[in-house]
Student: 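One structure, as structure tokens, below. Some questions next.
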Amino acid sequence: MTISYELLWLIFKEMFPKGRYTFSEEYNRNVLSFMLVNKNWCNYFLPILWSAPFFYPLGNRISTINTYLSCLSLEQKQYLQNYGITLPSTLYDKPKYNYPTYLKELQIHILAKSIIEWCIEYDELYCHDIILRCLLELFSSKGSKIDYFEFGCMEYYSIKYNCWTKYPDTFSNINSFNFNILIKDSIKNIFKDTRHMLLSKDALYLYNFLKTLSKICNKLEFLTADFEGTLWHEPYFDHVQCSIDLGILISSQQNLQNFELIKYKGCRDACWLDSLKTHKISLSRIYFNEIEFLYCDDKLNNNNNISNSNSNNNNCNNNSNNDGKFKIETPLLDATFPKFKYVGFRSGYLEWREWVKNQHYKYNKRYNVTPKI
């Protein structure tokens with residue numbers, strides 16, 4: 001009796017459910033076990049295993065980078081040699097599978113750390129930027145389509161201990177990556193169908209990075225902005241520009257359905273939050289986790305030194321009362337989203353609860369739709 005692969009996949013999903021936040025090393029081990037059954041099973045499950053190789057790097061980070069480097073064309077390998085980068089001789093053997101094609105989930109911070117560890121292992125220091133560009137171009141040339149993109153913490157502590165003790169400037173190397181190369185014509189196509197995105201403070205405060213994402217990712221359905229670890233005593237204008245750029249990214253989307261904001265502590269009249277109004281038709285879920293509006297910031301609206309290409313942000317909250325004083329407005333308090341199904345928040349900011357009850361609930365009452373709070 002022959003079991004179809006479709007049935008095998010249904011069994012596999014029931015035994016080892018894979019979710020974006022429940023991915024585990026056990027999942028990888030079980031996929032590897034299935035691949036060892038026979039060649040047909042290997043051909044079927046290998047694309048699943050390599051769809052998210054950076055969530056839990058396969059084997060170790062260095063072997064994952066070696067596998068991808070072996071997939072480079074001879075011209076690309078020669079290009080690396082021209083920069084003085086010597087690849088191990090084993091990487092010139094033709095790989096059995098087209099691994100880059102299977103990539104669906106990219107944790108770019110783990111890719112960057114993996115490249116740093118590879119460079120240290122082979123004593124190819126200070127060439128990490130070149131390898132990053134080559135691998136991203138490889139993914140693009142092989143037709144990779146990233147569905148989930150994550151930029152997490154770039155701190156050095158998740159690098160292997162022997163790496164950053166042997167080379168104390170490892171941390172500087174990590175922060176010297178030029179991630180704005182994502183906008184290059186030879187790379188950007190891998191992000192045109194990205195639907196899920198999670199950004200940490202290291203991405204949110206990276207110069208012009210959010211603007212770069214707004215130009216190459218316009219089909220996001222799920223967006224999470226995680227400000228955990230942000231030092232709010234850092235330069236004031238960094239926080240302001242970060243907020244503006246995040247508003248630009250939000251407004252550039254065509255069909256944003258879910259937005260999560262985590263541990264944001266900033267200005268009360270955050271006009272960038274009003275960029276969510278551009279998704280009145282599509283937005284169905286908002287979740288605020290430990291949000292605090294600490295101060296009223298009229299400079300966010302009136303400072304001419306900060307560039308803002310979003311017309312919605314130019315017009316929001318620029319109101320004053322009859323005395324000429326700046327008028328404080330609560331972000332999104334007057335907004336209505338007809339397709340809301342869920343509003344969640346963990347915050348002491350009680351006006352959000354009033355907004356949900358008094359604004360959104362009244363609107364949906366006529367449709368007999370009550371959001372979960």
Student: For the atom pair NZ (Lys188) and CD1 (Ile216), what is the distance rounded to the nearest 0.5 Å?
Tutor: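 These two atoms lie 9.0 Å from each other.
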Student: For the pair Thr278 (side chain) and Ser275 (backbone), establish whether a donor and an acceptor sit closer than 3.5 Å, ignoring hydrogens and angles.
Tutor: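 It does hold such a pair.
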Student: Which atoms form the tightest heavy-atom contact between Cys217 and Ser252, and what is the distance?
Tutor: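 That would be O-OG, 4.2 Å.
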Student: Could you check whether any side-chain heavy atom of Leu249 comes within less than 4.5 Å of a side-chain heavy atom of Gln253, counting everything from C-beta outward?
Tutor: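 Contact flag for Leu249/Gln253 side chains = yes.
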Student: Give me the atom names and distance for the closest heavy-atom approach of Leu72 to Cys134.
Tutor: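 Smallest heavy-atom distance, with atoms named: CD2-O, 4.1 Å.
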Student: Nearest heavy-atom pair of Leu246 and Leu210: which atoms, and what distance?
Tutor: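 Smallest heavy-atom distance, with atoms named: N-CD1, 3.6 Å.
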Student: Looking at every heavy atom in both Lys215 and Ile183, which two are closest together, and how far apart are they?
Tutor: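 The answer is CD-CD1, 3.5 Å.
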Student: Flag the pair Asp226 and Lys263 as a salt bridge only when some basic side-chain nitrogen lies within less than 4.0 angstrom of an acidic carboxylate oxygen.
Tutor: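 Looking at Asp226 and Lys263, the cut-off is not met.
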Student: Counting distance only, does the side-chain N/O of Ser140 pair as donor-acceptor with the main-chain N or O of Asn189 below 3.5 Å?
Tutor: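 Checking the backbone N and O of Asn189 against the side chain of Ser140, no donor-acceptor pair under 3.5 Å is found.
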Student: Is it the case that one hydrophobic cluster holds both Phe259 and Ile262, taking links as side-chain heavy atoms less than 4.5 Å apart, direct or via other members?
Tutor: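 Different hydrophobic clusters.
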Student: Can you check side-chain contact (heavy atoms from CB on, under 4.5 Å) on Met197 and Leu213, steps first, answer last?
Tutor: CA-CA 10 Å; Met197 183 175 292; Leu213 292 178; 3.8 Å; yes
Student: Aromatic rings Phe179 and Phe209: how do their planes relate, parallel, tilted or perpendicular, breaks at 30° and 60°?
Tutor: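 If you compare the ring of Phe179 with that of Phe209, the planes turn out perpendicular.
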Student: Can you find a heavy atom in the side chain of Leu106 that is under 4.5 Å from one in the side chain of Thr194?
Tutor: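 Counting from C-beta outward, Leu106 and Thr194 never come under 4.5 Å.
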Student: Evaluate the criterion side-chain contact (heavy atoms from CB on, under 4.5 Å) for residue pair Leu138 and Lys142; output intermediate values, then yes/no.
Tutor: CA-CA 6 Å; Leu138 171 68; Lys142 296 296 185 179; 3.9 Å; yes
Student: Ignoring hydrogens and angles, tell me if any N or O in the side chain of Glu117 forms a donor-acceptor pair with the backbone of Ser114 under 3.5 Å.
Tutor: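 Absent.
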Student: Do you know which two heavy atoms are closest between Leu256 and Phe222, and how far apart they sit?
Tutor: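 Looking at all heavy atoms of both residues, the closest pair is CD1-N, 4.3 Å.
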Student: Just checking Tyr97: does its OH atom have more than 12 heavy atoms from other residues, nucleotides or ligands closer to it than 6.0 angstrom?
Tutor: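 It does: Tyr97 OH has more than 12 such atoms within range.
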Student: Tell me whether the rings of Phe151 and His109 are parallel (<30°), tilted (30 to 60°) or perpendicular (>60°).
Tutor: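 Phe151 vs His109 ring planes: parallel.
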Student: Any chance you could measure His279, atom NE2, to Lys277, atom NZ, to the nearest 0.5 Å?
Tutor: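 Interatomic distance, His279 NE2 to Lys277 NZ, rounded to 0.5 Å: 13.5 Å.
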Student: Please assess Lys184 against Glu137 for the test side-chain contact (heavy atoms from CB on, under 4.5 Å), listing each intermediate value before the final yes or no.
Tutor: CA-CA 9 Å; Lys184 289 173 61 72; Glu137 289 177 345; 3.8 Å; yes
Student: Is there side-chain contact between Leu223 and Asn258, with heavy atoms separated by less than 4.5 Å?
Tutor: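 Side chain of Leu223 against side chain of Asn258, heavy atoms only: no contact under 4.5 Å found.
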Student: Measure from the ring center of Trp118 to the ring center of Tyr68 and say whether it is less than 6.0 Å.
Tutor: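 No; Tyr68 has its ring centre 6.0 Å or more from that of Trp118.
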Student: Show the atom names and distances, to 0.1 Å, of all donor-acceptor pairs under 3.5 Å that link a side chain in residues 82-93 to residues at least two apart or in another chain.
Tutor:
unit_1 : atom_1 : unit_2 : atom_2 : d
Asn82  : OD1    : Gln78  : NE2    : 3.1
Asn82  : ND2    : Gln78  : O      : 3.4
Tyr92  : OH     : Gln81  : NE2    : 3.4

Student: Measure from the side-chain N and O atoms of Asp193 to the backbone N and O of Asp147, and report whether any donor-acceptor pair falls under 3.5 Å.
Tutor: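 Side chain of Asp193 to backbone of Asp147, a donor-acceptor pair under 3.5 Å: no, none is there.
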Student: Ignoring hydrogens, what is the shortest heavy-atom contact between Ser200 and Cys153? Give both atom names and the distance.
Tutor: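 Answer, listing the atom of Ser200 first, then Cys153: OG-N, 3.8 Å.
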Student: Is the Tyr99 ring parallel, tilted or perpendicular to the Tyr102 ring (thresholds 30°, 60°)?
Tutor: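 Aromatic pair Tyr99/Tyr102 classed perpendicular.
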Student: Determine, stepwise, if the pair Leu220 / Arg195 fulfils side-chain contact (heavy atoms from CB on, under 4.5 Å).
Tutor: CA-CA 4 Å; Leu220 293 181; Arg195 297 185 304 120; 5.8 Å; no
Student: Determine whether the aromatic ring centres of Phe149 and Phe191 lie less than 6.0 Å apart.
Tutor: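 They qualify: ring centres under 6.0 Å apart.
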